[in-house]
J.: 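My questions all concern the structure below.
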Amino acid sequence: MKEIEKAYNPKGVEDKIYKKWEDSGFFNPDNLPGKPYSIMMPPPNVTGVLHLGHSLENSLMDAMARYQRLRGKKVLLLPGTDHAAVATQAKVEKILMEKGIKNPRQELGREKLLKEIRDFSENSKKIILGQIKKMGTSCDWSRLAYTFDEDRNKAVNEIFKKMYEDGLIYRGFRAVNWSTKGQSTLSDDEIVHIPRKAKLYTFKYSKDFPITIATTRPETKLGDTAVAVNPKDLRYKKYIGKEFDVDFVGQKLHIKVIADNSIDINFGTGALGVTPAHSLVDYEMGVKNNLPIIKVINEDGKMAGVAGDYEGLKIEDAREKIVDNLKKTGLLEKEEEIEQNVGTSDRFGDIVEVLPKTQWFVAVNKEIPSRGKSLKDLMREAVGKNGVKITPKRFEKVYFSWIDNLRDWCISRQIWWGHRVPIWYRLNSDLAEIYKQNPEANRHLLDSESRFVVSETNPGDNNDKDYWIQDPDTLDTWFSSGLWTFSTLGWPQKTKELKMFHPTNWMQMGHEILFFWMARMILMSSYALKEIPFKDIYIHGILRDENGKKFSKSSGNNIDPLEVIEKYGTDALRFSLLSGVAPGQDQRFYFEKVEGARNLVNKLWNISRYILTTVKKIERIEERPEPKTLYDKWILDGLDFTTSAVTTCMNRYEFSSASEIFLRNFTWGMFADWYIEVSKIEKNKDEILLYILERLLKLWHPFMPFVTEEIWKNFFDNDNNENLLMIQGWPEILKDKRDIKVEKEVKLIQETIVSIRNLRAENKIEPAKIINIELNIKNTKLFEENLAILEGLLRSKIQIKKSKSSVPEIKILIDEMDAEKNKLRIKKELEEKEKYAANLKQRLENKEFISRAPKNIVDAEKEKFTKVEEEIKNLRGQIESLS
RNA sequence: GGACGAUUAGCUCAGUUGGUUAGAGCGUUCGAUUCACAUUCGAAAGGUCGGAGGUUCGAAUCCUCCAUCGUCCACCA
């Protein structure tokens with residue numbers, strides 16, 4: 001007889017099995033037959049190690065990949081990591097600062113700092129990849145990619161060039177978001193708004209200026225070049241178009257009064273001081289009205305030279321001084337405290353300033369040559385009816401509203417960790433010399449240089465090589481991760497992989513990167529390949545702790561997935577995550593859940609242990625065995641139904657229903673609790689048990705790959721690769737409907753068994769004691785045929801007597817029965833049934849119901865009524881016989 | 001300010017086109033250990049589905065309003 005351990009011990013087997021899978025080559029689609037199916041794993045940032053959220057993603061993707069592989073597809077699950085430009089540099093700089101290096105960029109310089117970041121990220125990468133393996137992820141390691149490796153860099157340069165040539169990438173002097181702390185620009189999406197208290201000042205620039213304005217940022221008013229009013233505002237109509245020279249706290253300003261429909265007549269004074277240099281909204285107004293841009297705040301967060309008396313002051317100090325000044329001159333009319341939202345940098349945390357700067361942008365509204373559409377148009381078309389399906393659908397709306405508000409995308413960053421902007425400027429020899437002496441300080445030489453070309457490498461020849469300077473900036477990290485679905489497949493080369501696996505079939509992600517990533521992938525792919533990068537998108541929620549709080553380092557509630565795996569095993573972790581996932585919905589994680597999952601894994605183990613150690617011969621059963629008894633029919637039908645349901649669920653990305661409702665219920669509730677127990681009584685069921693076990697292992701494999709693979713080994717006496725469960729094929733769907741008659745009969749028997757067990761428990765009859773029972777029933781044949789089961793499961797001697805009742809009337813023939821107690825119980829039951837019957841009766845007497853409800857519903861209600869009537873009669877009889 | 005989501009048993013959550021006496025897991029109570037599994041087995045208790053209206057023969061499910069919690073977007077200056 002086969003020896004199998006009493007409990008499943010994941011620790012001993014997981015690593016071995018993973019190695020076996022990896023060595024088999026089946027992670028690589030080249031070794032698989034069938035139609036291609038591809039999933040690109042969202043590359044985790046190399047800022048640190050993986051957390052439970054990543055475990056959820058790995059579980060989702062791997063479950064889908066394994067499911068598709070079992071269904072005979074040529075599955076590519078492509079792994080990778082993301083250099084995460086700003087995030088990683090910010091992180092490493094922080095670590096260095098904690099080590100005492102106050103200003104890492106200054107103290108280390110570009111090359112040394114880059115080395116620090118590279119070392120850090122290589123280390124995180126190693127840990128991350130190890131963690132992905134621990135999760136059992138069946139990804140193709142031979143195609144491992146990194147957003148910052150050579151191939152991906154080529155793709156980045158190529159697309160930059162293409163977009164530049166199409167006029168979609170341009171250099172512009174525009175108002176951009178600026179992080180003083182990070183000393184870099186930011187895209188609109190990298191800003192998080194946080195509420196804070198601020199003071200709103202209402203004042204006039206000067207005594208002779210007719211309009212009062214309000215602001216929370218008086219210091220920026222030094223850069224005002226206009227006042228905007230609503231054209232319908234009668235108070236100010238007469239001033240529109242007029243220009244004024246004013247003396248604002250000692251500075252000369254030239255203010256033009258302009259009309260703009262976006263101005264709210266009822267807010268504040270109904271007039272807005274326009275600062276094109278330091279507000280994105282004002283900047284756009286400035287462009288429309290041709291207003292000059294006056295930059296009064298510098299990159300270091302201090303007032304600029306044009307600010308006159310205020311030059312060199314910190315923003316807060318300048319503000320204070322200006323307010324003082326306004327008070328003194330009596331120009332300040334009101335000062336009130338308001339709640340305001342302020343934009344901060346998501347990575348550096350400081351308040352973001354808006355500054356005018358020369359940067360590189362992607363034009364989203366500009367028409368793409370020979371396509372008659374803008375990037376925005378492409379992005380809009382890609383989702384919805386004829387494009388990507390987002391699950392859940394509501395995120396489509398979120399996406400569209402984001403598109404509508406999209407501005408040109410600033411892609412150049414002043415940090416060092418990232419893809420260098422592939423632009424080279426040709427300076428005059430002396431300027432080149434000056435620049436090289438201090439690049440940081442002489443950046444403006446490049447900004448004002450009109451001779452430049454797009455190139456990966458120095459475009460100069462031996463004569464002027466030294467005068468060509470590459471743009472020191474790097475690209476927004478999302479510029480490179482936007483290419484992920486195709487840069488990983490060899491683009492810009494026309495590889496056969498690209499043709500085979502693009503567009504990808506499925507993409508899953510958290511809703512927090514919908515804009516950052518999904519939108520950019522759609523942009524890049526529909527532009528460069530004219531393909532929407534994926535067919536379906538699945539949005540999952542974020543994992544929270546047991547109190548509903550976000551996991552984060554600062555709240556100290558982080559859980560290391562490896563710790564969970566160590567304690568409960570990977571399969572348990574995977575199942576606990578997958579069984580609770582609902583699209584777009586946040587999910588709580590707690591250890592009781594994993595414990596329950598671990599118990600389920602062990603249950604499957606023990607089911608297998610029982611079957612494999614008791615059957616005469618372990619063998620694979622290809623054909624659906626012929627059912628001999630009622631329970632055989634029931635369980636085989638159940639398996640068919642479960643197979644069909646699980647398949648449907650997986651095709652719809654309903655991981656939770658597939659695993660929790662159907663598989664768990666069938667495995668534990670039907671197969672273990674009933675059928676295996678029955679098989680001990682009815683005997684000779686090796687074929688059916690083995691047949692079901694094999695299919696169960698396959699159905700469970702996407703959710704719990706390790707334990708199923710480990711059990712599967714017992715079917716073979718060698719460990720050839722082609723015997724691995726992961727490629728054995730998905731169970732065939734034979735039929736998806738259960739036989740209603742069989743269903744009903746089994747239900748009747750099970751209800752009878754439960755009732756009798758209940759009676760035993762209530763009357764405190766020892767479970768071991770054999771008792772005599774009399775069953776009065778119309779359908780004696782059914783009960784006679786299943787007598788052995790009833791007697792076996794109930795430890796009873798049962799006499800079946802013919803009666804008119806279609807529900808069994810149970811009599812326990814024993815002295816210890818407490819008649820009073822019994823009567824009470826029956827009375828209670830009777831009451832409930834009578835209430836129910838009254839309910840049904842009312843419904844059936846309602847003419848509207850009879851005439852309007854569909855016939856099958858009415859018939860079902862009638863049937864229910866006759867049944868409950870019978871039960872009531874039965875119970876009444878029992879009471880009588882007891883008294 | 002705008003949009004979206006959640007509210008179902010003590011806890012965590014299912015409930016897919018409106019039609020079962022509203023389900024599961026955990027927890028609780030009672031009982032069981034030579035027979036695959038105490039990481040187990042058996043039994044039970046526990047909910048007027050956030051509130052108020054409406055549509056319908058019929059509402060946890062659809063509509064309106066309200067309440068509470070949460071998320072995203074947005075520089076009302």
Side-chain angles (χ1 to χ4, degrees), chain A residues 4 6-8 177 188 191 193 200 202 213-217 228 262-264 266-275 278-282 338 340-343 352 354 392 394-395 397-398 401-402 405 511-512 514-515 541-542 546 548 568 572 579-580 582 584-590 592-593 595-614 652 654 656-657 660-661 664-665 669 672-673 676-677 680 754 757-762 764 766-768 793 832-833 835-836 839-840 843 846-854 856-858 860-861 864 868:
Chain A
I4 296 175
K6 216 169 162 178
Y8 172 58
N177 304 302
D188 292 347
I191 289 170
H193 294 274
L200 179 68
T202 307
I213 57 164
T215 185
T216 54
R217 303 279 316 264
S262 67
I263 303 298
D264 182 350
N266 299 315
F267 186 86
T269 62
L272 164 72
V274 183
T275 326
H278 298 291
S279 156
L280 295 177
V281 173
D282 293 8
I338 58 159
Q340 190 203 28
N341 278 323
V342 60
V352 168
V354 170
R394 63 189 157 93
F395 283 102
K397 226 172 142 181
V398 180
S401 69
W402 178 82
N405 296 319
H511 52 64
E512 72 278 5
L514 200 76
F515 309 136
I542 63 164
E546 53 195 333
Y568 298 100
S579 64
Q585 218 56 49
D586 288 355
Q587 183 187 164
R588 291 187 199 206
F589 179 90
Y590 44 98
E592 287 87 342
K593 226 176 191 169
E595 211 175 293
R598 189 263 325 260
N599 295 353
L600 174 63
V601 171
N602 193 57
K603 187 74 186 179
L604 184 62
W605 176 264
N606 268 293
I607 287 169
S608 314
R609 178 172 187 249
Y610 172 74
I611 294 172
L612 296 172
T613 52
T614 52
R652 289 191 200 157
E654 290 168 6
S656 175
S657 322
E660 180 79 34
I661 300 181
R664 185 196 167 100
N665 181 42
D673 288 350
I676 290 186
E677 293 311 314
K680 290 176 187 169
V754 170
R757 279 174 179 165
N758 186 2
L759 279 170
R760 289 187 73 131
E762 280 202 346
K764 305 224 185 307
E766 293 162 52
L793 295 180
E832 269 171 31
K833 299 272 182 200
K835 221 164 111 192
Y836 178 43
N839 245 327
L840 286 171
R843 197 172 304 166
N846 183 344
K847 278 179 199 136
E848 298 276 349
F849 173 70
I850 302 290
S851 61
R852 297 210 182 190
N856 59 327
I857 300 284
V858 177
E861 297 294 294
K864 279 182 222 160
V868 75

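All values reported here derive from a predicted model rather than from experimental measurement. Reminder, nothing fancy here: chain letters follow the sequence lines and each chain counts from 1.
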J.: Taking Ile4(A)'s backbone N and O only, do any of them form a donor-acceptor pair with Arg609(A)'s side chain (distance below 3.5 Å, no angle check)?
T.: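 At least one qualifying donor-acceptor pair exists.
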J.: When you match Glu595(A) and Ala582(A) each to their closest nucleotide on RNA chain B, which lands nearer the 5' end?
T.: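 Residue closer to the 5' terminus by nearest nucleotide: Ala582(A).
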J.: Say whether, by atom type as modelled, one donor and one acceptor occur between the side chain of Lys603(A) and the main chain of Arg664(A) under 3.5 angstrom.
T.: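 Checked: no pair found.
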J.: What are the two closest non-hydrogen atoms of Gly270(A) and Ile263(A), and how far apart are they?
T.: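 For Gly270(A) and Ile263(A), the tightest heavy-atom pair comes out as O-CG2, 3.4 Å.
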J.: What's the verdict on salt bridge (charged side-chain N to carboxylate O under 4.0 Å, His left out) for Glu677(A) and Lys680(A), showing C-alpha distance, side-chain angles and the deciding distance?
T.: CA-CA 5 Å; Glu677(A) 293 311 314; Lys680(A) 290 176 187 169; 3.3 Å; yes
J.: Can you find a donor-acceptor N/O pair under 3.5 angstrom joining the side chain of Asn758(A) to the base of rA44(B)?
T.: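 No.
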J.: Under the side-chain contact (heavy atoms from CB on, under 4.5 Å) test, which residues partner Pro767(A), sequence neighbours left out?
T.: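 side-chain contact (heavy atoms from CB on, under 4.5 Å) check on Pro767(A) returns nothing, list empty.
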J.: Nucleotide by nucleotide, 5' to 3', does protein get under 4.0 Å of the base (B), only the sugar-phosphate (S), or neither (-) in nucleotides 2-9 of chain B, counting heavy atoms?
T.: -SSSS---
J.: Base, sugar-phosphate, or nothing: which does Tyr8(A) touch, judged by heavy atoms less than 4.0 Å apart?
T.: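 The residue Tyr8(A) makes no contact with any strand.
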J.: Listed by chain and number, what are the ring-ring contact (aromatic ring centres under 6.0 Å, His included) partners of Phe589(A), not counting sequence neighbours?
T.: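 So Phe589(A) forms a ring-ring contact (aromatic ring centres under 6.0 Å, His included) with Phe591(A).
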J.: For the C1' atoms, the ones on rA67(B) and on rG51(B), what distance do you get once it is rounded to whole angstrom?
T.: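 Between the two C1' atoms, the distance is 7 Å.
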J.: Taking the side chain of His193(A) as its heavy atoms from C-beta onward, which of rC75(B), rA44(B), rA77(B) lies nearest to it?
T.: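 Nearest listed nucleotide: rC75(B).
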J.: With rounding to the closest Å, how many angstrom separate the P atoms on rG70(B) and rC65(B)?
T.: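 One P to the other, the span is 23 Å.
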J.: So Ser401(A), base contact, sugar-phosphate only, or nothing? Heavy-atom distance under 4.0 Å.
T.: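 Ser401(A): no heavy atom of the nucleic acid under 4.0 Å.
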J.: Are OP1 or OP2 of rU12(B) and a side-chain N or O of Arg588(A) less than 4.0 angstrom apart?
T.: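 Result: yes.
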J.: Would you please name every residue forming a side-chain contact (heavy atoms from CB on, under 4.5 Å) with Ser262(A), sequence neighbours left out?
T.: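 Once residues adjacent in sequence are excluded, the partners of Ser262(A) under the side-chain contact (heavy atoms from CB on, under 4.5 Å) criterion are Asp260(A), Met285(A).
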J.: Suppose you measure atom P in rA60(B) against the same atom in rA9(B); what distance do you get, rounded to whole Å?
T.: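 Going atom to atom, P in each nucleotide, I get 15 Å.
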J.: Using side-chain hydrogen bond (donor to acceptor under 3.5 Å, both in side chains) as the criterion, list what pairs up with Lys833(A), not counting sequence neighbours.
T.: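 side-chain hydrogen bond (donor to acceptor under 3.5 Å, both in side chains) list for Lys833(A), sorted by chain: Glu871(A).
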J.: Of the nucleotides rU39(B), rG31(B), rA74(B), which one has an atom closest to the side chain of Asn602(A)?
T.: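 Output: rU39(B).
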J.: rC72(B) P sits how many Å from Glu512(A) CD, rounded?
T.: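 My rounded result for the distance is 9 Å.
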J.: Side-chain contact test, heavy atoms from C-beta onward, threshold under 4.5 Å: evaluate it for Val354(A) versus Asn177(A) and give yes or no.
T.: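 Sidechains of Asn177(A) and Val354(A): in contact.
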J.: Which letters describe nucleotides 16-26 of chain B, given B = protein heavy atom under 4.0 Å from base, S = only from sugar-phosphate, - = neither?
T.: B--BSB--SS-
J.: In chain order, what residues pass the side-chain hydrogen bond (donor to acceptor under 3.5 Å, both in side chains) check against Thr216(A), with sequence neighbours excluded?
T.: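 Thr216(A): side-chain hydrogen bond (donor to acceptor under 3.5 Å, both in side chains) contacts with Gln340(A).
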J.: Between rC62(B) and rG15(B), how far is it from one P atom to the other, in whole Å?
T.: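 Nearest-Å result for rC62(B) against rG15(B) at atom P: 12 Å.
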J.: Looking only at the side chain of Gln340(A) (C-beta and beyond, no hydrogens), which of the listed nucleotides rA74(B), rA77(B), rA43(B) gets closest?
T.: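 Closest of the options to the side chain of Gln340(A): rA77(B).
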J.: Nearest-Å distance, CZ (Arg609(A)) to C1' (rA38(B))?
T.: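 Answer to the nearest Å: 14 Å.
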J.: Just jot down the side-chain contact (heavy atoms from CB on, under 4.5 Å) partners of Asn341(A), sequence neighbours excluded, or say none.
T.: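 side-chain contact (heavy atoms from CB on, under 4.5 Å) list for Asn341(A), sorted by chain: His193(A), Pro195(A).
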J.: Would you mind reading off the distance between Asp282(A) atom CG and rA77(B) atom C1', rounded to a whole angstrom?
T.: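 Result: 8 Å.
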J.: Provide, to the nearest angstrom, the distance between the CG atom belonging to Asn405(A) and the C1' atom belonging to rC73(B).
T.: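 To the nearest whole Å, that distance equals 8 Å.
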J.: If a stem is a run of at least 3 consecutive Watson-Crick or G-U pairs, both distances under 3.5 Å, which stems include RNA chain B?
T.: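 Stem segments, range with range: B:1-7 with B:67-73, B:10-13 with B:23-26, B:28-32 with B:40-44, B:50-54 with B:62-66.
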J.: Got a sec, which residues hit side-chain contact (heavy atoms from CB on, under 4.5 Å) with Arg843(A), two or more places apart in sequence or on another chain?
T.: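 Counting only residues at least two positions away or on another chain, Arg843(A) forms a side-chain contact (heavy atoms from CB on, under 4.5 Å) with Phe849(A), Glu861(A).
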J.: Respond yes when some side-chain nitrogen or oxygen of His511(A) is under 4.0 Å from OP1 or OP2 of rU71(B), and no when none is.
T.: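 No, no such contact exists.
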J.: Contact class for Ala228(A) (heavy atom, under 4.0 Å): base, sugar-phosphate, or nothing?
T.: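 If one applies the 4.0 Å heavy-atom cut-off, Ala228(A) turns out to touch nothing in the nucleic acid.
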J.: Using the C1' atom as the reference point in each nucleotide, state the distance between rA38(B) and rG31(B) in Å, no decimals.
T.: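 Straight-line distance between the two C1' atoms is 14 Å.
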J.: Residues in side-chain hydrogen bond (donor to acceptor under 3.5 Å, both in side chains) with Ser279(A), at least two apart?
T.: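 Only Asp282(A) meet the side-chain hydrogen bond (donor to acceptor under 3.5 Å, both in side chains) criterion with Ser279(A).
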J.: Quick one: label Asn839(A) by what it contacts on the DNA or RNA (base, sugar-phosphate, nothing), any heavy atom closer than 4.0 Å.
T.: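 No contact.
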J.: Using whole Å, what does the distance between atom P of nucleotide rU34(B) and atom NZ of Lys6(A) come to?
T.: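 After rounding, the gap between these two atoms is 12 Å.
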J.: Specify whether Trp605(A) and Tyr8(A) have parallel, tilted or perpendicular ring planes, treating 30° as the upper limit for parallel and 60° as the lower limit for perpendicular.
T.: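 Geometry flag for Tyr8(A) against Trp605(A): tilted rings.
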J.: Once you apply a heavy-atom cut-off of 4.0 Å, does Ile607(A) come out as touching a base, just sugar-phosphate, or nothing?
T.: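 The residue Ile607(A) makes base contact.
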J.: Can you list everything that forms a ring-ring contact (aromatic ring centres under 6.0 Å, His included) with Tyr610(A)? Sequence neighbours excluded, please.
T.: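 ring-ring contact (aromatic ring centres under 6.0 Å, His included) list for Tyr610(A), sorted by chain: empty.
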J.: What is the distance, to the nearest angstrom, from the CG atom on Asp188(A) to the C1' atom on rA74(B)?
T.: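 My rounded result for the distance is 11 Å.
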J.: Quick check on rC37(B): is either OP1 or OP2 less than 4.0 Å from any side-chain nitrogen or oxygen of Lys603(A)?
T.: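 Negative; the distance criterion is not met.
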J.: So does Lys680(A) get a side-chain nitrogen or oxygen closer than 4.0 Å to the phosphate oxygens (OP1/OP2) of rA36(B)?
T.: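 Result: yes.
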J.: Within the structure shown, what part of the strands sits under 4.0 Å from Val352(A) by heavy-atom distance: base, sugar-phosphate, or nothing?
T.: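 No contact.
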J.: When the P atoms of rG46(B) and rU7(B) are considered, how many whole Å apart are they?
T.: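 Straight-line distance between the two P atoms is 24 Å.
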J.: How would you label the contact of Ile191(A) with the nucleic acid (heavy atoms, under 4.0 Å): base, sugar-phosphate, or nothing?
T.: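 The residue Ile191(A) makes no contact with any strand.
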J.: Using atom C1' of each nucleotide, how far apart are rU55(B) and rU8(B) to the nearest Å?
T.: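 Pairwise C1' distance, rU55(B) against rU8(B), rounds to 23 Å.
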J.: Regarding Glu762(A), tell me which of base, sugar-phosphate or nothing describes its non-hydrogen contacts under 4.0 Å with the strands shown.
T.: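 Nothing, no nucleic acid heavy atom in range.
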J.: Report the nucleotide, chosen from rA36(B), rA43(B), rA77(B), that has the shortest atom-to-atom distance to any side-chain atom of Glu677(A).
T.: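 Comparing rA36(B), rA43(B), rA77(B) against the side chain of Glu677(A), the answer is rA36(B).
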J.: Under 4.0 Å, counting only non-hydrogen atoms across every strand here, what does Asp264(A) touch: a base, just sugar-phosphate, or nothing?
T.: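 Base contact.
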J.: Please report the distance, rounded to the nearest Å, between CD in Glu546(A) and P in rG27(B).
T.: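 Glu546(A) atom CD is separated from rG27(B) atom P by 14 Å.
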J.: Which is true for Arg757(A) with a 4.0 Å heavy-atom rule: it touches a base, it touches only sugar-phosphate, or it touches nothing?
T.: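 Contact class for Arg757(A): sugar-phosphate only.
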J.: Rounded to the nearest angstrom, tell me the gap between atom CG in Leu600(A) and atom C1' in rU40(B).
T.: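 About 14 Å, once rounded to whole Å.
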J.: Using atom C1' of each nucleotide, how far apart are rG58(B) and rU20(B) to the nearest Å?
T.: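 Each nucleotide's C1' atom is 14 Å from the other's.
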